[in-house]
Amino acid sequence: MQIVVNVIVLAALYCLICCGYVLIYRASRVLNLAHGELMTIGGYFLFTVAIGLGNDPVQSFLLAFIFSLALGFIVYFFLMRFMAGESALASVLVTVALGILLRGLITLIWTSQYRHPLQHLGMENSSHQIVEGAVISTFGIAMVISTVLLYLVLFLCFKFTRWGLRMRAVGENPILASQRGISLHMYYALSWGIAAFSVGLAGMIQACDSGLDPDMFVIGLKAFPVVLVGGLDSLGGVIPAAFIVALAEILTIHYISPQASEVAPFVVLISMLLIRPWGLFGTKEELERV
Amino acid sequence: MAKPKNETLLSIEKLEVVYHNVSTAVLGVSFEVRNHQIVALLGINGAGKTTTLRAISGFLGVDDAKVTEGLIQFRGEKIQNKPPHFITKKGIVLVPERDKVFENLTVEENLQVSVSLRKSRASGQDFKDLILHYFPVLGKVGNHLGGYLSGGERQMLALSTALVCGPRLLLVDELSLGLGPIIVDELMNLIKVIRDEQQVTVLLVEQNALAALEIADYGYVIENGRIVFAGDPDRLRNHEDIKEFYLGQGERESQKSYRDIKQYRRTRRWYG
Amino acid sequence: MAFASGYFKTTYKSDLAIVETFSLWICLIILTLGLIFFPFFASAFLMDLANQVFLALIGAIALMLLTGYAGQFSLGHAGLIAAGAFTTAILFKELNAPIWVTLPTSGLTGAILGITFGLPSLRLKGLYLALSTLALHFIVIYIGAEYETQRGFATGVVIDSPSIGPFLIEDPRLWYFSLLIIDILVVIFSINLVRSRTGRAWMAIRDRDVAAEALGIKVASYKLSAFVLTSALTSIAGCLFAYYRGFVSVEAFSLHMTIEYLAMIIIGGLGSILGAIFGTIFVVLLPYIIDALVDILHVPTRLTTYMFAIKYSAFGLIMIIFLVFEPSGLVGIWHRIRDYFILWPFKHKPLGER
Amino acid sequence: MDKAIDLTLDGISLNISGLEILNFISMRAYKGELLALIGPNGAGKTSLLNCISGIYHATRGQIRFKDRELSGLKPHEIAQVGIARTFQHAELFRHMTVLDNLLVGRHIKMNAALLSNGFFWGKTIEEEVAHRELVEEIIDFLELEKYRKSNALGLPYGIQKIVGLGRALAMEPQVLLLDEPSAGMNRQEKEDLARFILRIRYEIGITMIWVEHDMQLVGDLADRIVVLNFGNKISEGKTDEVLNDPQVIEAYLGIKASAKG
Amino acid sequence: MMKKSLFGIVALASFMALFLTPAFAGDAYLVGFSVAVTGRGSGIYAPVKDAFDIYFKQVNARGGINGHPVKLIIKDNAAEPSKAAAHAKKFVTQDKVILFMNAALSSTYAPMVQVAKRYNVPLFFAGAVCPDAVYPPKADPNLYCSTAFGAKYDSRFAIPFIKNQAKGPLKLGLAAMNIPVSRGEIDFAEELAKGMGIEVAGKVAIPPPTPDYTPFATKLKSAGANWVYAWAPWGCEVKTFEALRKLGWKGKYLAYAHIQAEDDLARLKDDDFYVFGTNAFFADDTEMHKKIRAISVKEKTIYPYTQLTEGWIAAMVLEEILKKTPWPPTPEKVRTAMNQIKVDLEGLKGGPLVWTKGNHFRTVNYYRVYKWDSKKNGIVIVKDWSPLKVE
């Protein structure tokens, strides 16, 4: 039973991280390799805000959300905007460089110490028995709930609101969207903002759940196979992909060997690429385009 | 050259567009579009028509193209190298040659995507009525994805989404492309109707000169990035060269056959 | 007797020469002399930097062939270097194999990995391919870590300096000249490759694969051949890396290394061997240049912790600046500077030049 | 005219994601003839060329070159059989010089391997020089001398098309598929093109299947014409006969054909 | 064009900077220090640098050692072997240091060891794990180590400790990080435990970047472990523990006490979380501790004073070495001094740190076990200094 809960929590984390990859990729065909750093910074935002406000979780989280969102906008307007029309590789490399820059900044501002925002929020990360033999921590629940909420909100927005519709349009055919009067910069920035926010949220919950240090960014890379298995451009594909990868990982830990769990997602990825190179829900044309 | 009436809505002067910083696509095109007219821009494949239209409707960073020389003026305002959404909001809306609809969105959604210039004047419902008035077919396929429409429906949808933007000037790229003659006729007539009813000016870029000149008030012929001929439809239709090249109905006997080209111009060999 | 007022080629063969003009020959000779005499006045530190550049250059050129010429992306470069290094380490530890065994075996291992991980390239393009090669990295590192742990080499596998016949290659100068010769061979090999049939086929695939295939190029096998050659070369670089450093440890092959190699070819300028050379020199030396600048500034000890963090960020920042403002890379700057001097005092290139 | 059949198409149909693009097309090209393939936009001309050159695989039907079955072969295998093609938009290798573009065309005729190329040993040099000479002949033939070392990216469109033609010629093909070679050319360039096509037709004697929009060019140069409309073959025959076929005129010139449905 | 030329000039100038190393005052003890202030694992190594900064600021303020100031040339290697190697070469050949030091990931060791051997200059590890070559009986003449870790020795203390502590049947779980150093130690601990008749229930090696430790904890818990021993980087140890607790695991946990241990004991306030190590905690509040705390507060160190002990000890050792090195110093004299070191650590460790010709690690390793006591609301000593002879 515990295994099922573990899979759900891990899958939720992957969903939360990968949401940003997909949003940015769908909008601007850029794969953001600085995603892990954005996640880490999200955690540090919460840490800083928590120290500043002290024992006020609601305000702290809200403020940290705003910071994360703003960071996404800043990254777009001050950096990625200039990469329009450059080759995919160059854009990706810019995000890599951005990652290095952010990592340096993290060390500069927050040093390499382990940090625990939870201490300053005045919250407890207690565990809850949900069914017989399965326990989940408060922030495990938070992770699952925020993932469900985020995806629900995003799906509803994409389906029923005008800006969601336009965001889809921008992702599908930016030139035509622009010719229909949509300002691309706004929607690109929005996708960066939401991406930074969602991954920052993952970082915050992760920081509350198990602490914070600059090496956390690697988790962002670990989530890669999920995006590819789901199909780079498919938000809906992330969810099953996250479950498949999380399941593979956790089954490996339990039945094969814990250290092999490191390569399990990549084994899933490779087998996926052999069967359906464009991912579970990705579009085939997508593959041709990139 | 017969001067068309009305005030100038759009004027292009010595336009030059450069792709990827190296290749020049259009060399010094100059022409103008007057208010409330249908103007046809004729020319063969690769003559620079599409590039001209794209230059008017604005380039994006992703195109890696820019207007390096010349002037594009819309109602007296310079608009070259402005982003497309800016130009759309000014009232110039393009119906592109390909990728004209969002294939993964339904017809309804396609219509909702467009940002309307006349948002204050008309509600979404009005637009819907308007669209259904001109294109009743679209009402029946409202829930279909754009990608599954037939060529004609697709063209209608593209025209509709452009109309939703509330254009003053409608740029139409290759309306007839890949469509049967009947539907081309139908669409051409519709454009004329829309022009009259919606107070829209139309710039029509066509390979199918015959169809375009049927409804046009004025025509330009573009070749290799230059305007080589201009005039009203009758003049164009009756000009020998135009007949030859674009209408495919010149008297073959009178013109030089490609077989008879003097080979010594470049080499001293004769064949055939 | 009349003198030619310029340099004329009279045969197609002469048009094939790499070094076309007399003045270029002179430049090359001066450069070669400089490279030959460099070790005799350079300190061991500078020698180490030079050797680092030489070592990195093999990998960078290999990646340039794959990415810059054949148009295939890879994020598994550090994994390939690790593969070569671990092949060497395992052969050395288990069989006490000499370098003339480990070097080709490393190349072979790389080639096999190249085939395996080149296979997705037949179906994948661009980012998809890049990310699938990421799996290569993690799998190689995993195997390496398992080997280290199982055999109890906790802090890495130590490898003795290689010897070729009676010569023990331990002295930095000996390394310098060995690596220099290898590098020159690699550079000449690559230049030859890209100006002949294979290279043209690669570039054709890179530029327009549909047209390339219609011209009879077996796209699949050429993509694979690029992967195999690159992987083999990179693994050979990994083998040399193992010998030069004298040890192999999984922690030394992080993704950061892959990124550095990508930075080398992109900052240098894609699609140019010269670019790979420039890029390698730049990326390898950049941290030390920043170091030296920091030294000159005489930052108080207390602040150095911050300086180090700033230095770390600066690497990222400089990469960003290059990518945003100089997409054609260092080689682009080089061409402009060269054109500037060639054209001086005129500002513009004559029309018709490319 | 030599009546040996070079290329036979037998009941070719093509479906792409449910769309009927070609519908049971049969035709043949005789050795050494200049066969024009015409029809209005979207008639399936380029798709037919793509089927022959292996980029698309016909859903049904057979393609034979002489006695060799071509269906199911990959594009590069078809190229090796001796069928070359040009592209509507030239599709040159953008970052390579004209010379290199043409040398790529010699690819299948060369056989130096990777290692020998890397070391630039005897055979490679011999080969490079020999093929360079052949390519120079093509440059001479197509009057591309002044563009020899220019990058393909910056060339005028018309020249790009000619380079594309040269690249196909460099393969020394037995059948040449031309996809709208004259599109985007002005009269003068078209005259040049016509001259080149005639020279290829009469001097080298390559069978050509030629998709063309310019009716005058077709009328003046083609030996025979096949007309497609909406994926169907509506006419085939001698140039004059076809051009005067009322069905063709209807389809092509867009005059209403309500009577025929 | 102007801008581009400027660009070139800047590049050229920076290149020249490489060749122009600043000349140092000739009257100082020159010591090179390559440390990972940034990059992977810098959380452990940067505080060492921090301690060195304040320690030698003090020393130099007092007038230096033997009348000569100590000049530390500190370089950041970002935990990359190639940078560590280049630094080592620069220290030895260009700066002519008399000894150089390393505090970074173990992957940086080998290249620096190579330089030490080749140029015959002593290398002093002040970072994490000690390489095998410093252990007796045949210690490498150029390699020395003062760090708290003692691979193979730590487990020799830990496993018997657990055996003694355990009441009732003992089922031991083992946790390592999937890096060779950590896994090697845990494998060794497993053998030890089995040799002592302890039932080993579950062994996990956790990959370094792990988003969620719960699955690994689940594995340990479901294996039925009632004691868990972890020897890994601190983050891995403590996160595994927290994950176990979140699963409702009731057992006891022994982890190696890294520099962050003291702060985290106070944060977690868990009575069954034991940490063992060779450095005294600030909870002891000895004179030395008060001194470090005072200086740290005064100098505003970047890292909290609780994390400075490791660096402080290394700095004390370095001071002692230099004291024994007569002016003018040479690597030879430093080596001689280092082979007969006995530093009284004034309560920072269980006893003096002694180096002999054959033992460059320490002759006796003193271990102590701490845990949080909720009754006393503070950190208590579970087992006081227990010596373990290093042979």
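Labels below follow one simple rule: chain letters A, B, ... track the order of the sequence lines, proteins then strands, and each chain is numbered from 1. None of these values were measured; they are calculated from a predicted model.
- Proximity to chain A is absent for every atom of E/Val238, based on heavy atoms less than 4.5 angstrom apart.
- Nearest heavy atoms, E/Pro207 versus A/Gln259: CG-O, 4.1 Å.
- With 3.5 Å as the limit, one finds a donor-acceptor pair spanning the side chains of E/Thr218 and A/Asn6.
- The contact between A/Tyr14 and chain E is made entirely by side chain atoms (from C-beta outward), counting heavy-atom distances below 4.5 Å.
- Two residues are said to be in side-chain contact when any heavy atoms from C-beta on lie closer than 4.5 Å; E/Asp264 and A/His116 meet this criterion.
- Considering every non-hydrogen atom in both E/Ser222 and A/His254, the closest pair reads OG-CE1, 4.3 Å.
- For the pair A/Leu10/E/Pro211, a side-chain contact is recorded, criterion being any heavy-atom separation below 4.5 Å from C-beta on.
- Taken to the nearest 0.5 Å, the CD1 atom of E/Ile206 stands 9.0 Å off from the OG atom of A/Ser261.
- Options E/Arg183, E/Glu242, E/Gln307 differ in how many heavy-atom pairs under 4.5 Å they form with chain A, and the most are formed by E/Arg183.
- Taken to the nearest 0.5 Å, the CD atom of A/Gln2 stands 6.5 Å off from the NZ atom of E/Lys221.
- Of the listed residues (A/Thr107, A/Ile3, A/Asp209, A/Leu13), the greatest number of heavy-atom pairs within a distance under 4.5 Å of chain E belongs to A/Asp209.
- Using modelled atom types, no side-chain atom of E/Tyr303 and backbone atom of A/Thr111 make a donor-acceptor pair closer than 3.5 Å.
- With values rounded to the nearest 0.5 angstrom, E/Thr38 atom OG1 is found 10.0 Å from A/Arg103 atom CZ.
- Your options are E/Leu247, E/Val37, E/Val204, and the one with the most heavy-atom pairs under 4.5 Å with chain A is E/Leu247.
- E/Gln260 places no side-chain N or O within donor-acceptor distance of the main-chain N or O of A/Gln113, the cut-off being under 3.5 Å.
- Formation of a donor-acceptor pair under 3.5 Å by the E/Lys246 side chain with backbone atoms of A/Ser137 is not found in this model.
- Within the model, atoms OH of A/Tyr114 and CD1 of E/Ile44 stand 6.0 Å from one another, a figure rounded to the nearest 0.5 Å.
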Practice item. Show your working on salt bridge (Lys or Arg N to Asp or Glu O under 4.0 Å) between E/Arg40 and A/Asp213 and close with a plain yes or no. Key: CA-CA 10 Å; E/Arg40 278 195 296 166; A/Asp213 69 293; over 6 Å; no

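- Put simply, OG1 on E/Thr214 and CD1 on A/Ile136 are 9.0 Å apart, with the number rounded to the nearest 0.5 Å.
- Around CD of A/Glu124, the count of heavy atoms belonging to other residues, nucleotides or ligands within 6.0 Å does not exceed 12.
- Contact tally against chain A (heavy-atom pairs below 4.5 Å) for E/Pro215, E/Gly43, E/Ala46: the top residue is E/Pro215.
- The CG atom of E/Asn178 lies 5.5 Å from the CD atom of A/Glu262; values are rounded to the nearest 0.5 Å.
- For E/Arg245, the part lying near chain A is the backbone, with the side chain staying farther off; criterion is any non-hydrogen pair under 4.5 Å.
- Judged purely by atom type and a 3.5 angstrom limit, E/Lys219 uses its side chain to pair as donor or acceptor with the backbone of A/Ile253.
- Note: E/Arg267 leads E/Arg267, E/Lys203, E/Lys239 in heavy-atom pairs under 4.5 Å with chain A.
- Of all the heavy atoms in A/Asp215 and E/Gly39, the pair that sits closest is OD1-O, 4.1 Å.
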Exercise for review: Show your working on side chain to side chain contact (heavy atoms under 4.5 Å, CB included) between A/Ser112 and E/Tyr45 and close with a plain yes or no.
Suggested key: CA-CA 9 Å; A/Ser112 311; E/Tyr45 309 109; over 6 Å; no

